[in-house]
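Supplied in structure tokens, the structure appears directly below.
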Amino acid sequence: MTFEYAPAPESRSIVSIKPKYGHFINGSFVAGKKHFPTINPATEEILSHIALGGASDVDKAVMAAQKAYTKTWSKLSGEERGKYLYRIARILQERAREFAVLETLDNGKPIRETRDIDIPLVAAHFFYHAGWADKLDYAGLGHNPKSYGVAGQIIPWNFPLLMLAWKVAPALATGNTVVLKPAETTSLTALLFAEVCQQAELPDGVVNIVTGDGSTGSAIVNHPGIHKIAFTGSTEVGKKIARAIASTDKKATLELGGKGANIVFDDAPVDETVEGIVNGIFFNQGHVCCAGSRLIVQESIAEEIIEKLKVRMAKIRVGDPLDKNTDLGAINSKEQLIKIKELSAIGDAEGAERWSPQCNLSNKGFWFAPTIFTGVTQANRIAQEEIFGPVLSVLTFRTPQEAMDKANNTPFGLSAGIWSEKGSRIFWASQHLKAGVIWANTFNKFDPASPFGGYKESGWGREGGKHGLAAYLKNGKETGAK
Ligand code: NAI
Ligand code: MG
């Protein structure tokens, strides 16, 4: 028997979106010159118009951040900075529903995720870093570690407010000031966060938000007043940033792409594993740098796992992101949908076998059904390149060593999941996997205390935990970063 769920939409009346936004510089909103629309990717409805920041806007923001750094923020004690961070964290909790609805409208991800994952993690990041602000002497980073000054932060669209929190919270806790640029398709929650900074009476200029596109981001990277860069996004842009700062003394952390694998051994608990694989790739439409976009399953159980996976995939509810029953929401942009379609077509052409459950996809907005490719080989592009969508590539293995070799055989090294009931096997595999984050019998679990980052083309440095603090401090021993 199958059940139909009645629609259970979350009301959008809690958010009030202005028709047009400027930049947030020195504690106030200032008008932009040019604007571009931001849309709801589930309906293509224009939500608002966002300012396209140019070099002069970036310059004003950096000047404000420098002034705030020298006059105010660097003079405050850690305890005082911590108070502001606690205040921001509490306001974020109080306004959680507003943020969740706004994020879902602008990004397309299900309300259940923004409400239960993104926004609670955002608040958790501010609480966690608030706690560190007055304890930096005890973080194992030497006595009285010093901040850099102004941090330039450029973030993507897949976890808009969470990536802001990953960047802003440690920067402020360690005594830096910030110029942040949200992604062009998802600026709204960053602009609402600017209101939270005002509400928290954060001193003017400590956080500045300049909206815009790649040219705006590039102006931040190249501004001489920026001392530290934190970027999350594509490997392509990460490489451009690395080149741009190579001859400067700017420090950087880069969180880039991934081609994560779930490695399933023959003793894995089947139902839990299937649930973990589904969560690993279909969570957030697969718009996750550490997504489990490859399944590497032991040959003897491959058939059983794939069969159960298909049964489970057929139950995924795709549709209105504001509906509380929805599992899989809209693809964030037309460009991203095109990329997913193109790479999937390449999978077909390479001879892999594609399967998706029957889904009624709306013809308004950007949608892609959950998809699995079997019969994938290591050389296939769908086994090597980041698709960044709800598409799983399945490979098989016979020996544990073969599983490790296959898992490591990509240009990336961000995440992996190991599924086995044997602790010794999990430890062995975790030592052989070249991945910054490894989960055992679970996937996509995040915690502010846990450092996050990758090997190889997945980036430089770590965010979160004590490692993440080090990345914002001059004498911090940052692992793997410039
Ligand atoms: P992107 O890397 O172009 O954009 C990320 C951020 O960088 C945005 O704020 C963008 O405005 C900014 N940016 C773009 N060009 C820049 C430049 N030259 N200098 C400084 N900042 C610049 O990513 P995009 O185009 O949105 O997505 C392309 C692919 O990247 C995706 O299909 C996915 O594979 C990957 N990606 C990975 C993410 C991750 O979490 N690691 C997040 C977003 C995308
Ligand atoms: Mg791009």
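The structure presented is a predicted model; accordingly, all values stated were derived computationally and were not measured. Values reported hereafter were calculated over all heavy atoms of this structure, with side chains retained and with hydrogens, waters and symmetry mates removed. Just so you know, ligand 1 is whichever comes first in the structure, and atom 1 is the first atom listed for that ligand.
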Can you list the ligand 1 atoms lying under 4.0 Å from a non-hydrogen atom of I155? 6 (C), 8 (C), 9 (O)
Could you tell me which atoms of ligand 1, counted from 1 in the order shown, lie closer than 4.0 angstrom to a heavy atom of G217? 19 (N), 20 (C), 21 (N)
With heavy atoms of W157 as the reference, note each atom of ligand 1 found under 4.0 Å away. 24 (P), 26 (O), 27 (O)
Beyond-backbone contact of Q198 with F29, side-chain heavy atoms, under 4.5 angstrom: yes
Regarding atom 22 (C) of ligand 1: of the candidates T235, V237, I387, which has the closest heavy atom? V237
Would you say ligand 1 has an N or O under 3.5 Å from any N or O of G233? yes
With a 4.5 Å limit on heavy-atom distance, are the side chains of H23 and D57 in contact? yes
Only heavy atoms of S218, strictly under 4.0 Å: list the atoms of ligand 1 that pass. 19 (N), 20 (C)
Does only the side chain of L256 get under 4.0 Å from ligand 1, or the backbone, or both, or neither? Count heavy atoms. backbone
Report the part of T185 in contact with ligand 1, treating N, CA, C, O as backbone and CB onward as side chain, heavy atoms under 4.0 Å; options are side chain, backbone, both, neither. neither
Within the structure, does T232 bring an N/O atom to less than 3.5 angstrom of an N/O atom in ligand 1? no
Which residue, T189, N40, T38, N332, forms the side-chain hydrogen bond (donor to acceptor under 3.5 Å, both in side chains) with D106? T38
Should E386 be counted as touching ligand 1, given the test is an N or O pair under 3.5 Å? yes
4.0 Å heavy-atom contact, F231 with ligand 1: yes
Atoms of ligand 1 under 4.0 Å from any heavy atom of P156, numbered from 1 in the order shown, are 42 (C), 43 (C)
Under 6.0 Å between ring centres, would you say that holds for W166 and F452? yes
E103 and F159, any side-chain heavy atoms less than 4.5 Å apart: no
Closer than 4.0 Å to some heavy atom of Q336 - which atoms of ligand 1 meet that? 31 (C), 32 (O)
In short, T377 meets A383 closest at the heavy-atom pair O-CB, 3.5 Å
Contacts of type salt bridge (Lys or Arg N to Asp or Glu O under 4.0 Å), residue D59, not counting sequence neighbours: none
Tell me, please, which residues at least two apart from S293 pass side-chain contact (heavy atoms from CB on, under 4.5 Å). K259, I281
For E184, the atoms of ligand 1 under 4.0 Å from one of its heavy atoms are 8 (C), 9 (O), 10 (C), 11 (O)
Please identify which atoms of ligand 1 are closer than 4.0 Å to at least one heavy atom of K339. 29 (C), 31 (C), 32 (O), 33 (C), 34 (O)
Looking only at the aromatic ring of each residue, does the gap between the centers of F193 and F126 stay below 6.0 angstrom? yes
Using modelled atom types only, decide if a donor and an acceptor are shared between the side chain of N107 and the backbone of K109 within a distance under 3.5 Å. yes
